[in-house]
There are 2 protein chains.
Amino acid sequence: MALRTALLVALLEGESSGYDLAKAFDTTMANFWSATPQQLYRELERLAADGLVEARLVEQERRPTKRVFRLTEAGENAIRAFTRSRPKASVIRDDLLVQVQAVDAGDMTCVAGAIAHQIDLSRNKLARYERRRERFLQGGTEADFLARAERIGPYLALLRGIHFENENIRWGTTALAAIQARSGE
Amino acid sequence: MALRTALLVALLEGESSGYDLAKAFDTTMANFWSATPQQLYRELERLAADGLVEARLVEQERRPTKRVFRLTEAGENAIRAFTRSRPKASVIRDDLLVQVQAVDAGDMTCVAGAIAHQIDLSRNKLARYERRRERFLQGGTEADFLARAERIGPYLALLRGIHFENENIRWGTTALAAIQARSGE
DNA sequence: GGAGCATACTCAACAAGTTGACTATAGGAG
DNA sequence: CTCCTATAGTCAACTTGTTGAGTATGCTCC
């Protein structure tokens, strides 16, 4: 039942269609919540049935009609209630780390390749995050932003993504060097 | 089908019962793979049915008899094959970050409490990881260990956990300060 | 003018993960 | 002598998450 709240929280950014949410999830929430589009559509149905979101049809000029969803008051209350609950322990499942754990019994070259690839992905993510961060800050300092902005949650969550990807790159570099030294290339 | 490989990799440490694996998962794999005991028992059944692990009963002195599982050659081959496959994108689901994203529309004091709690947990984990690290190094340097150890995978995976928890603490401290400054104390 | 791509979904089937209750043995606390 | 804890599991029901296919509109590219 936790995808529910992740979806509700995503709708804090304003009303949005399932399709848009699916994309937004990829960019803004992907750091701390993964979900496929199918999950979102299904859960939005349920949220609407439970009255936490409201749907309305929007006809568009040169595109298919879409259904946009908006938080109801009940939805906002659910978010408040959620922030008062103890967060469940986070879930992580990372194939790459399983490969690393098994590296000595496996194919070192391939695992090294996988780490290198991961470093690349992290660099790209980091670049996107930094751009997003600059849009938040608009030339000011972080301290300024945190003191004055209307909402700081999305910025703080983004900051975590930045820290995370930085660490990914740092760790990856160390691990890659160690494995390459081993496999004797 | 990826819990399979995580389990096989856990069995690289030596034969072990489902119960032991459940605990080992908590300490050594929990950094990058979460699973409940029930999942492990069920998956071990399947692995045994598929011939990737072998089970045997071990009677004990003052405890219930247990079934210990050991990798078969087929299991070792499966691990090798896995390290050659492209790792699937990692999955993360973190309630705490959802709360942070929603902090402006929620209960700031509670979210701050949740972050503080998380920092505590991370410090504890970190302490445990550092102790494990020292057992690996046995007084030597990291470079030495990485050059000479029989297996470096478990150490590198542990290192990632250490980096991760360090970052957790650093980010949490920043986020906590920002939120507390906001909620006005 | 057909192929592919982006938008905007729906449906069905299956796989994976979670929860709670239950069975047993044995040790120690009070 | 009962309760609590740790070991060592099993079973069933349920919820979530994943995958693949299918529908429909309209744009652009060649």
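We name chains A, B, ... by the order of the sequence lines, and we start the count at 1 in each one.
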Of the nucleotides [options], which has the atom closest to the [X] side chain?
| X | options | result |
| --- | --- | --- |
| Ser17(B) | dA8(D), dA16(C), dG9(D) | dG9(D) |
| Arg42(B) | dT19(C), dT25(C), dA13(D) | dA13(D) |
| Thr36(A) | dT19(D), dT16(D), dT18(C) | dT19(D) |
| Glu45(A) | dA8(D), dG17(D), dT10(C) | dT10(C) |

Starting from [atom2] on [N], measure out to [atom1] on [X] and report it in whole angstrom.
| X | N | atom1 | atom2 | answer |
| --- | --- | --- | --- | --- |
| Arg4(B) | dA16(C) | CZ | P | 9 Å |
| Leu40(B) | dT7(D) | CG | C1' | 16 Å |
| Lys88(B) | dG17(D) | NZ | C1' | 10 Å |
| Asp95(A) | dA16(C) | CG | P | 12 Å |
| Tyr41(B) | dG17(C) | OH | C1' | 17 Å |
| Lys66(A) | dG26(D) | NZ | C1' | 15 Å |
| Trp33(A) | dT18(D) | CH2 | C1' | 16 Å |
| Leu44(A) | dC9(C) | CG | C1' | 12 Å |

Looking at Arg93(A) and dG17(D), is any side-chain donor or acceptor paired with a base atom of the opposite kind under 3.5 Å?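 Donor-acceptor pair under 3.5 Å: no.
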Between Ser34(B) and Ala30(B) (side chain of the first, backbone of the second, donor and acceptor by atom type, cut-off under 3.5 Å), is there such a pair?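 The answer is no, because no donor-acceptor pair under 3.5 Å joins these two groups.
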Within the distance-only criterion (no hydrogens, no angle test), does the side chain of Asp94(B) pair as donor or acceptor with the backbone N or O of Leu96(B) below 3.5 angstrom? yes
Would you say the side-chain atoms of Glu76(B) and Thr72(B) include a donor-acceptor pair closer than 3.5 Å? no
Do Ser122(B) and Glu165(B) have side-chain N/O donor and acceptor atoms under 3.5 Å apart?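 Checked: Ser122(B)/Glu165(B) side chains pair up, N/O donor to acceptor below 3.5 Å.
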Check every strand shown and say whether [X] touches a base, only sugar-phosphate, or nothing at a heavy-atom separation below 4.0 Å.
| X | result |
| --- | --- |
| Arg46(A) | sugar-phosphate |
| Thr65(A) | sugar-phosphate |
| Arg67(B) | sugar-phosphate |
| Gln38(A) | base |

According to a strict under-4.0 Å criterion, is Tyr19(B) in side-chain N/O contact with OP1 or OP2 of dG9(D)?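 Indeed not, no polar side-chain atom of Tyr19(B) lies that close.
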Does OP1 or OP2 of dT7(D) have a side-chain N or O of Lys23(B) closer than 4.0 Å?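 Lys23(B) to dT7(D) OP1/OP2: side-chain N or O found under 4.0 Å.
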5′-ward residue of the pair Glu43(A)/Arg63(A) relative to DNA chain D: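 Its nucleotide being nearer the 5' end, the pick is Glu43(A).
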The residue, Gln39(A) or Phe69(B), whose nearest nucleotide of DNA chain D is more 5′ is Phe69(B)
For atom CD of Glu73(A), decide whether the heavy atoms of other residues, nucleotides or ligands shown that lie under 6.0 angstrom number more than 12. no
Which label fits Tyr155(A) and Phe145(A): parallel for a plane angle under 30°, tilted from 30 to 60°, or perpendicular past 60°? tilted
